[in-house]
Every structure is written in structure tokens, then in C-alpha cells.
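Report on the following structure.
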Amino acid sequence: MRCYSHGYSLLAGAHHRSFSSAITSKYPHTLEILSEQYSTDEITNVTPAILSKIPLRIHTQTGHPLSTLRSIIESHYPDFSHISSFSPLVTPFKNFDELSFPKDHPGRSVTDSYYINKELMLRTHTSAHEVEVFSKGEDKWLLTADVYRRDEIDGSHYPVFHQMEGARLYNADASGMEEVKEDNERLSRHLETSNIVIQDIPHISPTNPVQQTHDPVHSELIAKNLKLSLNSLLLRLFGGSKSEEPLRVRWIEAYFPFTSPSFEVEVFFRGKWLEILGCGVVRQSTLDTSNVQGKIGWAFGLGLERIAMILYSIPDIRLFWSTDKRFLSQFKAGEIKMFKPYSKYPSCFKDVSFWNPQGSVPLHDNDFCDLVREIAGDLVEDVKVIDSFVHPKTNRSSSCYRINYRSMDRSLSNEEVNELQKSVITRLTDVFRVEIR
Ligand code: PHE
């Protein structure tokens, strides 16, 4: 239900959600995260299942597909700084305000993002570090990190995933623009030999404007450099594939509060267009905040799981978190190889229907998914809304969800699934005060 750019791209069908209160007030006074204590408050909504992922840092585990993909992308940008050590705890100011997100942007809501408390959240994107890195005077950099977004559960959505942010600044003067032109020529020559089909769009259109403080010629050169650079990366990543069909890539216009013009790239995979990255010309206000003067440049943010799923044929996003030898032993550092699925264990579907408490906001899908994830962890493959309606007389709303329990590693017994389902129901009634139908 939510695409890669996750509502940060307002043109790509953002979901506007209202603020709702925290899942529960049953949090301890403090939470320990990476050996530090943090106080909780009325908006705290991080769950133990989420917190348990923070120390894992699978993007830095040698041999892990995400780590190999990171190194391949880093090797494509050899003269960039490579950063992958930043903590996921950031202030909402850093995640949103510093990047010109409007005050009412849906991404800020507790239904979309994880908050430790009012002052601290889990970063929802690697762009949260743009100002920090630009402030250090870095002109060319890549930053890889785990990011966190509340979401529905299915084979390609997981509330923790990994992004890689890349940025490049040039001097906004004649010599800087000469450098861009040279780079553009070099990249164009390299791309002529490409065996991928790229559907392109004009760089600049009325809905995707050049920033007022930018010389349109400079902005156009930078946007072109961004596209050539990413097309060349995509060629490096996907160009060597031996599949009969050529890889199809398309550029579409997008909106991000911190870039203009902005774009998204989608890749055609298993009959669907998948968003794999967002990018654009960096908003000058971001550079002003970073105390960077006289520069112009681009930034991109790409989703590592999406790309790794395509490159390695990994069918389910939960597999990235597997510690099963049958998964991990298939991969070697630096090598991309088709994943051989081991047998799929049977699914077990369980439905739950309930009435929301009278006169209160109905339970949010993401609250339901987090509750299920808290109890069943990676034993839940997906959760679907199968019915929801409002009773015409009483005005009460009812929801019905179907939970698909399936382990990646073993068969689940009936008793085990029944226990899980029982805990889901108990928690629903205890915490959310719903009435099971
Ligand atoms: N941070 C954006 C996202 O997560 C992607 C992006 C990065 C867009 C950099 C523009 C520039 O959707």
C-alpha cells in the first residue's frame, strides 16, 4: 500500500493520515537503546520488535547481500566518502524541519514514524543526515543506514529497511560548470554501450521547477549529471544480467521537500514497476543551513532491499533478517548470485474481526501491524484488511484482518499459531479496548 518513497513524494500518491495517539501508555519510564537510557512520554510508539533490530547493522555484516550491494555501489563512486556508522536516533527537527518538510507533512505522524519520545525518533530516511554531512564540508559522499517506517506487512514491506544516500556538490561558477560538462560527456559516452532500456523525461517542467536562486542553465547541467550518474550506476548494477528480457528503467517526476527538480526511478520487475530511488537537485536552503556557500549539487536516496531482491532474486524481505544457515551460507562477500529458495513451509491464515470502541478513532492499520509484529515477529508473512464498515445505526466501525502466519525456517504447529492468535486477541482487547466479534 505504500511505495518506496513513502509519501515523501507527494506527487506519487501520498497517503494523508491524521495524527493519532500512541499505541499504549504501558511503556516503562525509560527505554534502553544501544546502552543508553531514554525517557518515554505520551507519544512513544517504538516496539520491542523494532528496538531489537537497531544493534544488528546487517548492512555492515561481511557477506550479507545488503553489505555486498553497499560495497558494489561504493566502488562505483570510488572518490566519494563512504559513511555507514551514524546512529538511527535523530531529532524530528533533523529528520524533517532541517529538510524543509512542512509542519503538517503526513510523514511526521505517529502512525507513520517511530518515536522514542517527543524529542527523539528513529530516522525515516538517510536524508536526515544531509545537513550534518554537508556541514562537515563533504562534497561527494555516500551514507548507508537502517531506516524505520511504520507500515503494513507484506513480502516487500518491512518496518526496518536500508537506504543509501549519495550527494555531490560542484562550485556554482564557470569552472564548476566546466567540470559538470566534462563529467556529463564522460558518462554519456559510457552509457552509449548500455544494454538497458531507459525511459526518460525532460529534466525540468512547470510542476518540477528550477529553484529561484538557481541559474536555469546550471540547474539543468546538474540534473543531467544526476541522471547520467544514476543511469551509469543502474547499468553497473543491472546491466550484466543474463535474463532474456532487457532491464526496463523509467524516470518519473516526483516531489520531495528538499530537492527541486525531483525525480524517481522505477525498475520493471516481475510484472510491476518498483520504485527504487528518489533524487533531485539539492534545495539551496539545505546548503544554507549547512553553511555551504557558492555550491550547487544533487542528492539521491535508494532502497537497498528493493535492489537486492531483484539482483539476488530474494522473494521475501524478511529473509534479509534471517540467521538461518540455509540463507546466509548462500552468499559470499562481493559476489551476486541467484538465491536458491529452500522449501516454503505452509501458511496458516487466521482472521480476527472486531468493533472499535464507540466514539474513538478506529484502530490504525499500522497499529494493528505493529501489535501483530510484536507478538509474532517474523513468523507473520503478511496482514490484509479483508473488511471494514461502519454500522449504519450505532455508527460503530468494524474491522476484519487476515493474518498469514508462516515461518521461513520451519513448519509451525497448529497449537503454536493458536497461541499467537490468542495473544493477538488478548492484546487487542486489553490495549485497544476493541470488542471481538
Ligand atoms: N529521502 C527520500 C526518501 O526516502 C529520497 C531522496 C533522497 C529524495 C535524496 C531526494 C534526494 O524517499
Side-chain angles (χ1 to χ4, degrees), residues 2-15 59 73 77 80 83 86 88 90 92 94-102 105-108 112-114 121-134 138-151 156-169 203-204 208-209 211 219 222-223 225-227 229-230 233 251-267 274-287 289-290 296-307:
R2 195 171 65 169
C3 46
Y4 159 69
S5 61
H6 299 85
Y8 292 180
S9 157
L10 293 178
L11 292 183
H15 49 296
H59 59 290
I73 298 173
Y77 292 98
F80 280 44
I83 306 163
F86 285 19
V90 297
K94 196 165 154 132
N95 198 80
F96 298 119
D97 302 79
E98 243 175 28
L99 294 164
S100 317
F101 276 73
H105 192 280
R108 294 178 187 259
D112 279 27
S113 298
Y114 287 107
M121 65 185 300
L122 296 176
R123 71 183 149 224
T124 64
H125 57 165
T126 42
S127 305
H129 299 291
E130 279 194 7
V131 168
E132 188 174 354
V133 181
F134 284 137
E138 298 279 2
D139 278 351
K140 305 171 179 181
W141 52 271
L142 288 174
L143 182 147
T144 313
D146 39 336
V147 299
Y148 299 77
R149 294 185 197 174
R150 300 191 69 196
D151 206 351
S156 57
H157 290 93
Y158 200 83
V160 191
F161 58 102
H162 294 79
Q163 285 191 331
M164 204 157 178
E165 190 92 357
R168 171 147 201 195
L169 302 181
H203 295 155
I204 286 149
N208 209 0
Q211 295 167 48
S219 178
I222 294 288
N225 190 247
L226 166 65
K227 285 189 165 183
S229 173
L230 284 171
L233 174 67
W251 282 82
I252 52 176
E253 277 191 19
Y255 168 82
F256 298 100
F258 43 96
T259 49
S260 192
S262 304
F263 313 96
E264 270 165 6
V265 173
E266 297 182 339
V267 167
L274 284 186
E275 292 181 38
I276 56 163
L277 69 87
C279 62
V281 177
V282 176
R283 233 180 228 296
Q284 218 52 34
S285 58
T286 310
L287 297 180
T289 311
S290 318
I296 177 170
W298 49 251
F300 67 77
L302 55 80
L304 285 182
E305 275 84 351
R306 283 283 174 88
I307 297 176

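Order of listing sets the numbers, starting from 1, for every ligand and every atom in it.
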* Asked: For atom 6 (C) of ligand 1, which of G278, G280, A128 has the closest heavy atom?
  -> G278

* **Heavy-atom check, side chain of K140 versus side chain of Y77, under 4.5 Å** => no

* Assess whether side-chain contact (heavy atoms from CB on, under 4.5 Å) is satisfied between E264 and W251, documenting all intermediate values. => CA-CA 6 Å; E264 270 165 6; W251 282 82; over 6 Å; no

* Asked: Can you check whether T289 reaches V131 side chain to side chain, under 4.5 Å on heavy atoms?
  -> yes

* Asked: Looking only at N/O atoms, are E130 and ligand 1 under 3.5 Å apart anywhere?
  -> no

* Heteroatom distance test (Q163, ligand 1): nitrogen or oxygen, under 3.5 angstrom -> yes

* Structure fact -> Quick look: R149 vs ligand 1, heavy-atom contacts under 4.0 Å, and the answer is side chain

* Which ligand 1 atoms does G301 reach within 4.0 Å, using its non-hydrogen atoms? -> 6 (C), 7 (C), 9 (C)

* To do: Establish, from distance only, whether the side-chain atoms of E165 and S127 form a donor-acceptor pair under 3.5 Å.
  => yes

* Asked: Does ligand 1 have an atom under 4.0 Å from some heavy atom of W298?
  -> no

* To do: May I ask you to check whether E165 has an N/O atom sitting below 3.5 Å from an N/O atom of ligand 1?
  => no

* **F300 and ligand 1 - part of the residue with a heavy-atom distance under 4.0 Å** => backbone

* Asked: Side chain or backbone of S127 under 4.0 Å from ligand 1, or both, or neither, by non-hydrogen atoms?
  -> side chain

* Is it true that a side-chain atom of R149 and a backbone atom of T124 form a donor plus acceptor pair closer than 3.5 Å? -> yes

* To do: Please verify whether a non-hydrogen atom of S262 lies at under 4.0 Å from ligand 1.
  => no

* Asked: T144 versus L304: any side-chain heavy-atom pair under 4.5 Å?
  -> yes

* Check: Q163/H125 side-chain N/O donor and acceptor closer than 3.5 Å -> no

* Are any of the N or O atoms of T124 closer than 3.5 Å to those of ligand 1? -> no

* Structure fact -> Atoms of ligand 1 under 4.0 Å from any heavy atom of T259, numbered from 1 in the order shown, are 10 (C), 11 (C)

* Asked: Does F300 have its ring centroid less than 6.0 Å away from the ring centroid of F263?
  -> no

* Is R123 near ligand 1, meaning one of its heavy atoms is under 4.0 Å from it? -> no

* **Side-chain ion pair, E275 and R306, N-O less than 4.0 Å** => no

